[in-house]
Amino acid sequence: MNTVIVTILMIIAAYLAGSISSAVLVCKIRGLPDPRTSGSGNPGATNVLRIGGVSSAGLVLFFDMLKGALPSYLGYKIGLDAASLGFIAVCACLGHIFPLFFGFKGGKGVATAFGAMAPIGGDLALCLILTWVVFVLITRYSSVAAMAAATLAPFYTWWLDDRFILPVAMLSTLILIRHKDNIGRLRIGEETKVSRKKSIKKPNSTTNKS
């Protein structure tokens with residue numbers, strides 16, 4: 001089959017895969033509030049952490065990364081060039097950001113983008129994860145950590161495997177553009193920090209009545 005046709009089919013498949021909102025589905029299955037209308041309103045792992053706890057957020061993170069990893073890895077295995085891989089990865093993220101099946105209201109695309117970068121190598125994945133963790137621990141802002149990892153990703157790729165600088169740079173640019181509003185909130189001190197769901201204390205039935 002013609003390489004151009006294969007690339008177009010892969011791009012369409014990547015967008016459709018990205019359009020499956022892991023956050024909405026996990027929250028629905030677990031009886032949690034819709035992440036699009038709760039917390040920060042962003043259907044991503046960080047917001048699900050706020051409203052549903054670690055296990056729910058972990059599931060969302062895994063499936064969001066898988067949406068990016070599978071199309072990119074398949075494209076690589078069938079021998080597509082770096083530019084085609086970049087377009088495929090970006091379309092998986094665009095599916096997450098503007099999901100066809102969920103009213104075109106999606107997340108930032110961070111986990112999906114990092115998932116698309118992960119097949120390049122375990123060393124790159126480790127660098128990205130460590131960067132994200134370090135910046136979250138220092139700043140307590142998931143958005144800052146995501147932007148830091150996205151900014152450094154092309155440099156890590158240049159150092160580890162420069163064949164994939166173009167697709168990684170494309171993904172990094174998309175992530176940074178998607179965080180425009182977060183940058184604005186950071187500047188005025190209104191950005192939400194990372195926190196786990198707090199347990200709701202039940203009223204003490206033995207409290208004396210006045």
Let's go through Leu94 and Leu174 carefully: what are the C-alpha distance in whole Å and the side-chain angles of both, what is the deciding distance for side-chain contact (heavy atoms from CB on, under 4.5 Å) to 0.1 Å, and is it a yes or a no? CA-CA 9 Å; Leu94 289 175; Leu174 178 63; 4.2 Å; yes
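- Counting heavy atoms from C-beta outward, Leu61 and Phe114 have side chains that stay 4.5 Å or more apart.
- When only modelled atom types and interatomic distance are considered, His96 and Lys67 share a side-chain donor-acceptor pair under 3.5 Å.
- Linking ILVMFWY side-chain heavy atoms closer than 4.5 Å, directly or via other members, places Ile51 and Tyr141 in two distinct hydrophobic clusters.
- There is a path of hydrophobic side-chain contacts, each under 4.5 Å, that joins Phe87 to Ile97.
- Between Pro119 and Ala69, the closest heavy-atom pair is CG-O, 3.9 Å.
- Residues Met117 and Ala153 come closest through the heavy atom pair SD-CB, 3.9 Å.
- At a threshold of 4.5 Å between side-chain heavy atoms, the hydrophobic network of Ile, Leu, Val, Met, Phe, Trp and Tyr places Met65 and Val110 in two separate groups.
- At a cut-off of 3.5 Å, with distance as the only test, no side-chain donor of Asp64 or Thr112 sits close to an acceptor on the other residue.
- There is no path of hydrophobic side-chain contacts, each under 4.5 Å, that joins Ile138 to Leu152.
- The two residues Val6 and Leu80 come nearest to each other via the heavy atoms CG1-CD2, 4.4 Å.
- Side chain of Arg178 to backbone of Thr173: no donor-acceptor contact under 3.5 angstrom is found.
- Between the side chains of Arg36 and Ser21, no donor-acceptor pair of N or O atoms lies under 3.5 Å.
- Looking only at side-chain heavy atoms (C-beta outward), Asn42 and Pro35 stay at 4.5 Å or farther from each other.
- With hydrogens and angles ignored, the 3.5 Å screen pairs a side-chain donor or acceptor of Ser19 with a backbone N or O of Leu100.
- Looking only at atom types and distance, the side chain of Asp81 has a donor-acceptor partner in the side chain of Ser84 under 3.5 Å away.
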Kindly indicate, with the supporting measurements, whether the criterion side-chain contact (heavy atoms from CB on, under 4.5 Å) is fulfilled by Ser56 and Val26. CA-CA 7 Å; Ser56 296; Val26 167; 4.2 Å; yes
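- Here the closest non-hydrogen pair linking Pro71 and Ala14 is CB-CB, 3.8 Å.
- Contact between Leu16 and Phe101 at its shortest, heavy atoms only, is O-CE1, 3.5 Å.
- The two residues Pro154 and Ile165 come nearest to each other via the heavy atoms O-CG1, 4.4 Å.
- Here the CG atom belonging to Leu186 is positioned 4.5 Å from the OG atom belonging to Ser143, to the nearest 0.5 angstrom.
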Would you list the atom pairs, donor with acceptor, under 3.5 Å between side chains in residues 120-136 and any protein atom, with sequence neighbours excluded?
{"unit_1": "Thr131", "atom_1": "OG1", "unit_2": "Cys127", "atom_2": "O", "d": "2.7"}
{"unit_1": "Thr131", "atom_1": "OG1", "unit_2": "Tyr156", "atom_2": "OH", "d": "2.7"}

Derivation of the salt bridge (Lys or Arg N to Asp or Glu O under 4.0 Å) call for Arg185 and Glu191: CA-CA 5 Å; Arg185 288 193 294 269; Glu191 180 72 340; 2.9 Å; yes
